[in-house]
Amino acid sequence: MQDYLKELNEKQREAAAHMDGPLMIVAGAGSGKTKVLTTRIAHLMKQGIDAFNILALTFTNKAAAEMKERIEKILGNNEARNLYIGTFHSVFARILRAEAHKIGYPNSFTIYDSDDAKSLLKSVINENNLDDKLYKPQYVYGRISAAKNNLMGPIEYMQDHFIQQEDARSGRPLLGQLYAQYAARCFRNGAMDFDDLLFKMYELLVKHPDVLAKYQHKFRYILIDEYQDTNIAQYQIIKMLGAVHENICVVGDDAQSIYSFRGATIENILKFQKDYEGAKVVKLEQNYRSTQNILNVANKVIGLNKNQIPKNLWTDNGEGEKLKLVRTLTDNDEGRFVADAIAEQKLRNHYHNKDFAILYRTNAQSRSFEESLRRLNIPYRIFGGLSFYQRKEIKDFVAYLRVVVNPQDEEALKRIINYPVRGIGKTSMERVIIVANEQNITFWDALQQPQLAGLKGAAAAAIEQFVIMIRSFQAMLTKSDAYEVAFTVGKHTNLVKELYNDKSVEGLARYENVQELLNAIKEYTETPDEEGELTDKSLGTYLQNITLLTDADKNGDEDQDVVKLMTIHAAKGLEFPCVFAVGLEENIFPSAMSLYDREDLEEERRLFYVVITRAKHRLWLSFANSRYRFGSLVQNEPSRFIDEVPQEYIDRSFAGLAGARTGAVARNAAAQQRTFTPREKAPQQARPAASGGTSDVARVMAQKQAQAQITTHVPSANFTASDPEDMEEGMRVEHQKFGIGTIKKLEGGAHNRIATISFPTGGGDKKIMLAYAKLMILS
DNA sequence: TGATGCTAACTTTTT
DNA sequence: GTTAGCATCA
C-alpha cells in the first residue's frame with residue numbers, strides 16, 4: 001500500500017482509495033475530511049488520471065489553496081498546478097471567461113460585487129420612479145439573488161404564481177419587472193453579479209450542448225467540498241457536468257449546513273443517494289480535533305435537530321476540560337473578560353496568541369474585544385468585514401481599470417467620470433444616462449456623442465477629454481501587460497498624485513493602499529503560470545479574480561502570532577486550541593430573524609454546533625446582560641442554546657465577572673434553570689432615543705477630554721448599595737468606579753430604569769441602568 | 001458646484 | 001456607534 005494511504009484510518013482510506021462511481025463522504029466535524037479529499041485527488045493522479053481531468057470545488061479560495069498545497073506535498077511534484085481547483089464562483093468565472101461570447105457577453109465581462117449590484121439596482125428603482133424605501137435595493141437584491149440561485153430568470157419569476165402572490169402581499173408587485181430591467185442592464189453593461197456566475201454558467205451549459213459536452217468530457221472526476229452548502233444552481237450544474245462519467249464525489253456534513261440564506265439547501269446532501277443510485281457512502285465519525293467533553297456537548301446539541309443523517313462523533317482524545325460558562329454585565333465587560341482570560345491562559349498554560357479565537361454571530365460584535373485586546377497589548381486580527389478591495393480608494397482605482405477593460409461597465413464609469421474632479425457634474429451625467437436609456441445604448445456609447453444629450457461648451461469638452469483619455473488606455477491593452485496599464489492609469493489620471501499630496505494619516509494610508517494594489521498587480525504579471533491551460537495574464541482576468549477574493553483569503557500570514565476574531569460562519573473549517581464563543585444571547589444568537597421558524601432555528605443550532613466543534617482543548621461560552629446596539633443599551637436574555645448544554649459538562653465554579661453581582665446572579669440562576677420551553681417575550685420596550693437634538697460641540701469635546709482623564713475612584717469604606725427604587729432626580733450618589741455624581745435624569749419603566757448621572761471626576765455624564773449598577777445615595 | 005454637517009438606517013451570516 | 005446619503009451653506 002502507498003505510504004500516503006497508510007496515514008489514514010480504515011474509513012478514510014476506503015473513501016480516499018475509491019476510484020470510479022459516485023461517492024458521498026459524510027464527514028463529521030474534525031474527522032479529517034480535507035485530508036481524505038486531498039489524499040483522494042493525489043491517489044487519482046497516482047493511478048494515472050491526468051490533473052487536467054479533475055475538477056475540485058470548494059467554498060473559499062483559501063480552502064482551495066490549502067488543498068492544492070497538500071496535494072503537492074503528497075505527490076512531491078507540481079502536477080497539482082494543472083488541477084481545476086477553486087471556488088464555484090472562481091472556476092465558473094474562468095470557464096465563462098472563455099465562453100461568455102456564446103451567451104452574448106463580452107469575454108472581458110465585469111463581475112459586480114454586491115455593492116455594484118445594489119447601486120445599479122438603486123438606479124433602476126429610481127428610474128422607475130419607485131420609492132426606494134419600499135423597494136429597498138438590499139431587499140430587491142435579495143429577492144433577485146434567491147431567484148437566480150433557484151435558476152429562475154425574470155420571465156419565470158413573473159410567471160410564478162406563488163412568487164407573484166408573495167410580492168403582492170408584501171406590497172411590491174413590481175419586483176419582477178425590476179428583476180427584468182436589472183438583468184437587462186447588467187447585460188448591457190457586460191456585467192455579471194455573483195449569482196450570475198452560477199446562473200449564466202447553467203444557461204451556457206443548457207443552451208450549448210457542445211460546450212456541455214466539452215466540459216463533461218474534460219472533467220472526468222469531480223469533487224465537491226462542503227456539499228451541504230450547495231444551492232439549486234450549483235446542484236444542477238454539477239449534475240450536468242457529471243452526467244457522463246458520474247465520478248462525483250461529495251463531502252459534507254449536514255450538521256454544518258449554515259448557508260441557507262444564500263440559497264443552500266440541506267436537501268442536496270440528504271438526497272444524494274437517491275440521485276445517484278448505487279452511490280457508495282462512507283461515514284467518518286472519528287474526530288481528531290476535540291476533547292471528549294467538547295464532543296459530548298456537540299453531539300447533544302445537534303441531537304435536538306430533527307432533520308439529519310444520524311452520526312455519532314467519538315474521539316481517542318482525552319476527556320479534557322469542562323466548558324466554561326461566563327456571564328458579564330455588559331458587552332464591554334465581556335470584552336474585558338475575554339482579554340483577561342487570554343492573558344491568563346498564556347501565562348498559565350503557555351498558549352500563544354494564535355491559539356485563541358473569538359467567534360461571534362455578527363461582525364458588529366467585534367468592537368468590545370478589539371478595545372480590550374488593544375488595552376492589554378494583545379495583537380489580534382479581524383477576519384471578514386471590509387476586504388482590501390472594498391476600500392474606497394481601491395474601488396476608485398479599480399473602477400478605472402474596469403472601464404478600460406470593459407467600457408460598457410456603467411457602474412464603474414459613474415464612479416470615476418468625475419473623480420478626480422474634471423467638471424462633469426451630476427446634471428450632465430443624468431442627461432447622458434437618460435439618452436442612453438432612451439436609445440438603449442450603453443452609457444459609454446452615449447458619452448461618445450454628448451451633443452445628443454444637449455450638452456455643449458465646457459461640459460461637452462470635459463466629456464470628450466475623458467473619452468480620449470480612456471481610449472488611450474484601452475489602446476495599451478494589447479501591447480502592454482496589466483501592470484503597465486495600471487501604472488499609466490494611475491499616473492495619467494493624477495489619482496496617485498492626488499493621494500500622495502494628502503498628508504493626513506488617512507491620506508497616507510490610502511496612498512499606501514493604492515501602492516499595494518499596484519504592487520499586487522505587478523506581482524501578478526510577473527508570477528509564472530500556476531493554473532491550467534487557460535491562463536492569461538491580462539488585466540481583465542486579474543480584475544475578475546480580485547472581485548472574488550475575500551479578506552479571509554489574504555495570503556500567507558497564517559503563522560502570525562495573533563488572536564483571531566471572526567464570525568462563526570467565517571470560522572467554518574478552521575480549528576483553534578482555545579475558542580471563545582461570545583454573545584450567546586437571545587436575539588443575537590439565535591438571531592432575532594430566526595426565532596419564529598423551526599428551520600431557521602435549527603440552522604442557528606447548527607451554527608452553535610459549528611462553533612463548539614472549532615475548539616480543540618478549551619471552550620468558553622459567554623454572554624452579557626446588556627449591550628449597546630445601535631448606540632443604545634439593550635437587554636437580552638441568555639441564549640436558549642446555553643440551556644441545551646448538559647450541566648455535567650459545564651464548569652460553573654468559574655463564574656467570570658458574574659460572581660460578585662448578587663442581584664444579577666440571583667436573577668440569572670432562575671433563567672439558567674429554564675428548560676427547553678418556548679420562552680416568554682423578553683421585556684424589551686423601546687426606549688426613547690437619547691434626548692437633545694442640538695449637540696453642542698464644545699460640550700462634547702469637554703466630555704471627551706474628561707473621559708480621557710478618568711481617575712480611578714476608590715469607593716468609600718462604608719459603601720453599601722442603596723435600593724434603586726429610592727432614587728430620584730437631583731440626588732447625589734456614589735458609584736464604585738465613577739465616584740460621586742448627581743442624578744440628572746431618570747427614564748425607562750419600572751424594571752428598566754436608566755439614570756443619567758453626571759460624575760465630575762468620573763468622566764462626565766454616564767447612562768446607568770439602576771437594576772444592575774450599585775449606587776449609594778449620599779443626599 | 002463642492003464641502004460640510006446632520007439624520008436615518010443599520011446588523012445576520014458571504015461568494 | 002458607525003456610516004452613507006442628503007440637505008444646507010459658501
Side-chain angles (χ1 to χ4, degrees), chain A residues 57-64 86-93 111-115 117-119 122 132-133 136-138 141-142 145 148-149 192-198 226 229-231 233-234 257-264 331-332 359-368 370-371 383-387 389-390 392 418-429 458-459 544-553 566-572 583 587-595 600 603-604 606-607 610-611 627-634 689-690 693-695 697:
Chain A
L57 297 169
T58 63
F59 273 81
T60 64
N61 296 297
K62 202 172 151 204
T87 64
F88 279 91
H89 290 85
S90 67
V91 167
F92 294 167
I111 298 174
Y112 276 175
D113 66 14
S114 27
D115 287 339
K118 275 181 249 174
S119 149
K122 199 171 175 197
D132 61 10
K133 292 254 159 53
K136 284 188 192 147
Q138 171 88 33
Y141 181 59
S145 170
K148 284 181 185 168
N149 285 324
M192 299 194 199
D193 65 20
F194 285 144
D195 303 308
D196 282 331
L197 293 176
L198 308 180
E226 310 278 16
D229 287 331
T230 51
N231 60 34
Q234 290 161 329
S257 161
I258 54 175
Y259 280 103
S260 74
F261 67 93
R262 226 167 70 191
D331 47 352
N332 288 329
L359 307 179
Y360 33 76
R361 179 66 238 272
T362 67
N363 280 307
Q365 283 165 260
S366 66
R367 205 204 80 251
S368 64
E370 291 178 67
E371 280 173 11
F383 291 79
L386 259 201
S387 98
Y389 297 101
Q390 283 172 313
K392 187 185 170 299
N418 201 28
Y419 177 83
V421 181
R422 56 173 68 85
I424 306 176
K426 215 172 151 194
T427 14
S428 319
M429 228 169 85
Q544 288 179 356
N545 286 341
I546 61 173
T547 316
L548 297 172
L549 279 184
T550 45
D551 196 42
D553 301 321
M566 64 185 92
T567 63
I568 301 170
H569 282 88
K572 192 167 69 138
N587 295 321
I588 291 179
F589 190 16
S591 140
M593 324 287 276
S594 53
L595 297 179
D600 289 346
E603 176 146 321
E604 294 282 314
R606 290 194 292 270
L607 204 49
V610 168
V611 73
R627 67 173 61 237
Y628 276 96
R629 262 190 123 188
F630 312 122
S632 65
L633 209 50
V634 175
T694 47
S695 86
V697 179

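Just so it is clear, the structure is predicted and the values come from calculations on it, not from any experiment. The sequence lines fix the lettering, A, B, ..., with proteins before strands; numbering per chain opens at 1.
- In the set B:dT14, B:dG2, B:dT11, B:dG2 carries the atom at the smallest distance from any side-chain atom of A:N418.
- Side chains of A:Y141 and A:D195 form a contact here, defined as non-hydrogen atoms less than 4.5 Å apart.
- Residue contacts for A:K136: at a heavy-atom cut-off of 4.0 Å it reaches the sugar-phosphate backbone alone, with no base atom in range.
- Annotation: side chain to side chain donor-acceptor pair (under 3.5 Å) contacts of A:E603 (sequence neighbours excluded): A:S260, A:R606.
- Within the 4.0 angstrom heavy-atom criterion, no nucleotide atom of any strand lies near A:F589.
- Summarising the geometry of A:G583 relative to A:I588, their closest heavy-atom pair is O-CG2, 3.6 Å, with the distance given to 0.1 Å.
- The shortest distance between side-chain heavy atoms of A:N231 and A:Y259 does not fall below 4.5 Å.
- A:D193 places its CG atom 14 Å from the C1' atom of B:dT14, with the value rounded to the nearest Å.
- Note on A:K572: nothing from the nucleic acid sits closer than 4.0 angstrom, heavy atoms only.
- Residues A:R627 and A:L633 fail the side-chain proximity criterion, which asks for heavy atoms closer than 4.5 Å.
- For the pair A:M566 CE and B:dT13 P, the interatomic distance rounds to 15 Å; values are reported in whole Å.
- The environment of A:K118 atom NZ is dense: over 12 non-hydrogen atoms of other residues, nucleotides or ligands sit within 6.0 angstrom.
- Using a 4.0 Å cut-off, some side-chain N or O of A:N363 falls inside it from OP1 or OP2 of B:dT13.
- Residue contacts shown for A:F59 are limited to sugar-phosphate atoms, with no base heavy atom under 4.0 Å away.
- Atom CG in A:L197 sits roughly 14 Å away from atom C1' in B:dT14 (whole-Å rounding).
- Nearest-nucleotide positions on DNA chain B for A:Q138 and A:S428 put A:S428 closer to the 5' end.
- Rounded to whole Å, the distance from NZ on A:K118 to P on B:dT14 is 12 Å.
- As rounded to the nearest Å, C:dC6 and B:dT11 have C1' atoms that lie 22 Å from one another.
- Computed from coordinates, the A:I588 CD1 to B:dT12 C1' distance equals 11 Å when rounded to whole Å.
- Contact record, A:V611 with A:F589: CG1-CE2, 4.5 Å, taken as the closest heavy-atom pair.
- Counting to the nearest Å, the C1' atom of B:dT14 and the CD atom of A:E226 are 13 Å from each other.
- Remark: P of B:dG2 and CZ of A:R422 are 12 Å apart, rounded to the nearest angstrom.
- Rounded to whole Å, atom C1' of B:dC10 lies 18 Å from atom OH of A:Y628.
- Both geometric conditions, a ring-centre gap below 5.5 Å and a plane tilt below 30°, are not fulfilled together for A:F261 over the base of B:dT12.
- Between A:T547 and the phosphate of B:dT15, there is no side-chain N or O to OP1/OP2 separation shorter than 4.0 Å.
- Closest to the side chain of A:K133, from the set B:dT14, B:dA9, B:dT15, is B:dA9.
- Shown here are the side chain to side chain donor-acceptor pair (under 3.5 Å) partners of A:R629, two or more places apart in sequence or in another chain: there are none.
- Chain A approaches DNA chain C within less than 4.0 angstrom (heavy atoms of the protein), and the contacting nucleotides run 5' to 3' from C:dG1 to C:dC6.
- Within 4.0 Å of A:T427, counting heavy atoms only, lie sugar-phosphate atoms of the nucleic acid but no base atom.
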